[in-house]
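Below, chains carry the letters A, B, ... as their sequence lines are ordered, and counting in each starts from 1. Reckoned from all heavy atoms, side chains included, excluding hydrogens, waters and symmetry mates.
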Protein chains: 2
Amino acid sequence: MNQQSALPPSTLADNIFEQLRTAIVKGELPPGSKVNEPHLSKQYGISRGPLREAIRRLEGCKLVEITANVGAKVISLNSKQAIEIYEIRESLEGLACRLAAHKASQQDCNNLRELLANHERQIQSENGQAYYQKEGDLDFHYLIVQLSGNARLFNLLCDELYHLLRLYRVQTSSSPSRPVQAFKEHHQIVDAIENSDGEMAELLMRRHIASAKATLMQQLESEKLQPNQ
Amino acid sequence: MNQQSALPPSTLADNIFEQLRTAIVKGELPPGSKVNEPHLSKQYGISRGPLREAIRRLEGCKLVEITANVGAKVISLNSKQAIEIYEIRESLEGLACRLAAHKASQQDCNNLRELLANHERQIQSENGQAYYQKEGDLDFHYLIVQLSGNARLFNLLCDELYHLLRLYRVQTSSSPSRPVQAFKEHHQIVDAIENSDGEMAELLMRRHIASAKATLMQQLESEKLQPNQ
DNA sequence: ACAATTTAAATTGTCAACAATAATGACTTT
DNA sequence: AAAGTCATTATTGTTGACAATTTAAATTGT
């Protein structure tokens with residue numbers, strides 16, 4: 001699937017890093033499970049050297065926790081940590097929206113609209129709804145962060161925090177709820193960006209994510225009553 | 001200096017990581033310079049294995065950039081990247097202030113006041129002024145992030161962004177200016193926190209950092225006229 | 001003398017073996 | 001039978017050697 005276009009030369013450590021990352025995010029390496037070096041090195045057919053380098057990169061992404069002389073464990077987010085991430089997201093995506101509002105061209109806004117239209121069509125088919133809930137929402141946020149023009153912000157959100165969110169969703173098998181409401185909010189956000197109203201765009205995005213956080217916290221409260229772990 | 005209190009068992013890779021990080025932040029490994037594995041492994045008396053793991057962790061902190069088959073280079077922040085970092089800081093420290101205002105006890109506020117008082121005394125002695133400009137400012141921000149209670153936010157700011165800022169200061173040999181004004185702003189921020197006024201605390205902190213960013217951008221503009229690189 | 005090509009050196013990527021530490025299980029003791 | 005102790009096993013930490021690639025230098029040709 002990604003073998004054709006001239007990618008830069010990659011090392012074994014780079015490949016194994018990405019494979020492990022997707023394996024973790026997809027839940028194939030379950031949260032809390034141990035990262036066994038001999039086992040993985042046999043499974044992927046490489047030696048432990050590049051594998052250990054990959055694990056150290058995963059540690060940098062906060063996807064595993066390493067204890068000296070014990071090894072790496074896939075992180076398992078508790079509710080407190082999930083809320084912490086949402087707080088950071090709220091702040092950073094607000095920033096992204098403000099910047100995007102200042103920089104986005106008309107073409108950029110059209111692309112955002114088109115993305116939302118695609119999502120809407122997918123929602124109307126019942127299969128699509130699951131898709132939208134899973135990935136489509138992140139697509140929208142992804143694109144806005146890109147429009148912000150802040151490369152480090154993009155890296156922070158898209159290369160680190162979003163992976164953690166995906167992991168948490170797999171971990172709790174919770175699909176982001178309230179898709180219809182979220183859809184309205186997305187359109188309002190694009191309105192603000194189209195008007196170059198940075199403050200409004202920031203405000204709306206922060207509210208948008210704060211709502212998602214509130215929904216999450218409600219779920220957590222209800223799960224406390226009937227725990228399943 | 002750090003040999004006594006029961007620290008957790010550390011590996012060579014951990015040690016070399018911290019040594020390299022401080023070497024980079026202090027400028028001993030200059031920005032843009034190559035990270036030569038054979039050279040460093042001889043210098044620190046270890047083999048290349050743990051050294052490479054440490055370098056991969058430095059990559060995670062964004063302190064070096066690795067190119068496959070070429071090696072690692074100490075990052076060199078250009079003005080655009082510095083501004084990007086200030087934008088993120090503005091957003092995240094605003095969040096930290098808001099959270100801190102909600103959680104800080106009276107004792108916490110007293111500690112903040114004491115910290116500021118210490119800084120004030122140090123400013124009044126001429127040697128201290130240089131110190132305050134260099135590190136004292138970060139101390140204040142450091143403590144507030146701690147008070148926020150958001151561990152991931154702390155990690156993000158204190159373990160990653162602040163190191164990059166130190167590096168940039170060394171790189172441009174620019175001391176943070178306007179210490180007197182900054183001092184007033186610090187007190188206003190503590191006032192807001194003491195009043196549990198999260199919105200105000202966030203607003204003031206964002207302004208505070210936005211001012212620092214503006215000063216930085218002015219310096220950059222003036223340096224464009226008489227470049228020294 | 002300059003440019004291109006070839007050769008040599010240095011550096012990075014990878015591997016397999018050894019040492020040190022932690023985890024497991026068997027054994028003794030009460 | 002339960003708890004503690006000791007030996008065994010497995011895993012992590014570290015090292016040095018080899019292969020692959022890049023960089024630097026030297027050679028050749030015009």
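Taking atom CG on Leu51(A) and atom P on dT14(C), their separation rounds to 12 Å, with Å as the unit. In this structure, His39(A) atom NE2 and dT12(D) atom C1' are separated by 17 Å, rounded to whole Å. A straight line from CD1 of Ile55(A) to P of dG13(D) spans 9 Å, rounded to a whole angstrom. Distance Arg48(A) CZ to dA10(D) P: 15 Å, rounded to the nearest Å. Taking atom CG of Asn69(B) as the reference point, atom C1' of dG13(C) lies 7 Å away to the nearest angstrom. Rounded to whole Å, the distance from NZ on Lys73(A) to P on dT11(D) is 17 Å. Taking atom CD1 of residue Ile16(A) and atom C1' of nucleotide dC15(C), one finds them 15 Å apart after rounding to whole Å. Rounded to a whole Å, the NZ atom of Lys42(A) is 15 Å from the C1' atom of dA16(C).
Residue Val70(A) has its side chain nearest to dA23(C) when only dT21(C), dA23(C), dG13(C) are considered. Each of dT12(C), dT15(D), dT14(C) was ranked by its minimum atom distance to the side chain of Ile46(B); first place goes to dT15(D). Comparing dC15(C), dT21(C), dT22(D) against the side chain of Ser47(A) picks out dC15(C) as the nearest. Here the nucleotide nearest the side chain of Glu37(B), chosen from dT14(C), dG13(C), dG13(D), is dG13(C). The listed nucleotides are dC15(C), dT11(D), dA17(C); the one nearest the side chain of Lys34(A) is dT11(D). Proximity note for Pro38(A) (side chain, C-beta onward) versus dT14(C), dT12(C), dT12(D): the nearest is dT12(D).
Projected onto DNA chain C by closest heavy-atom contact, Ala68(A) and Asp14(A) fall at different nucleotides, the more 5' of which corresponds to Asp14(A).
Note on Pro50(A): only backbone sugar-phosphate atoms sit closer than 4.0 angstrom, heavy atoms only; bases stay farther off. Residue Gly49(B) is in base contact, counting any heavy-atom pair closer than 4.0 Å across all strands shown.
Remark: dA16(C) base-pairs with dT15(D); criterion is Watson-Crick or G-U wobble with both hydrogen-bond distances under 3.5 Å.
Among the candidates Lys62(B), Arg56(B), Arg57(B), the single residue satisfying the salt bridge (Lys or Arg N to Asp or Glu O under 4.0 Å) test with Glu59(B) is Arg56(B).
No hydrogens or angles considered: nothing links the side chains of Asn118(A) and Glu114(A) as a donor-acceptor pair under 3.5 Å.
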Applying salt bridge (charged side-chain N to carboxylate O under 4.0 Å, His left out), run through Arg48(A) and Glu37(A) and close with a yes or a no. CA-CA 7 Å; Arg48(A) 284 175 53 217; Glu37(A) 294 180 11; 3.0 Å; yes

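Side-chain N/O atoms of Asn36(B) include one lying less than 4.0 angstrom from OP1 or OP2 on dT11(C). Listed pair Arg52(A) / dG13(D) meets the phosphate criterion, a side-chain N or O lying under 4.0 Å from OP1 or OP2.
Relative orientation of the Tyr142(B) and Phe154(B) rings is perpendicular, given thresholds of 30° and 60° on the angle between their planes. Taking the six-membered ring where tryptophan is involved, the planes of His186(A) and Phe140(A) are essentially parallel, since the angle between them stays under 30° and well short of 60°.
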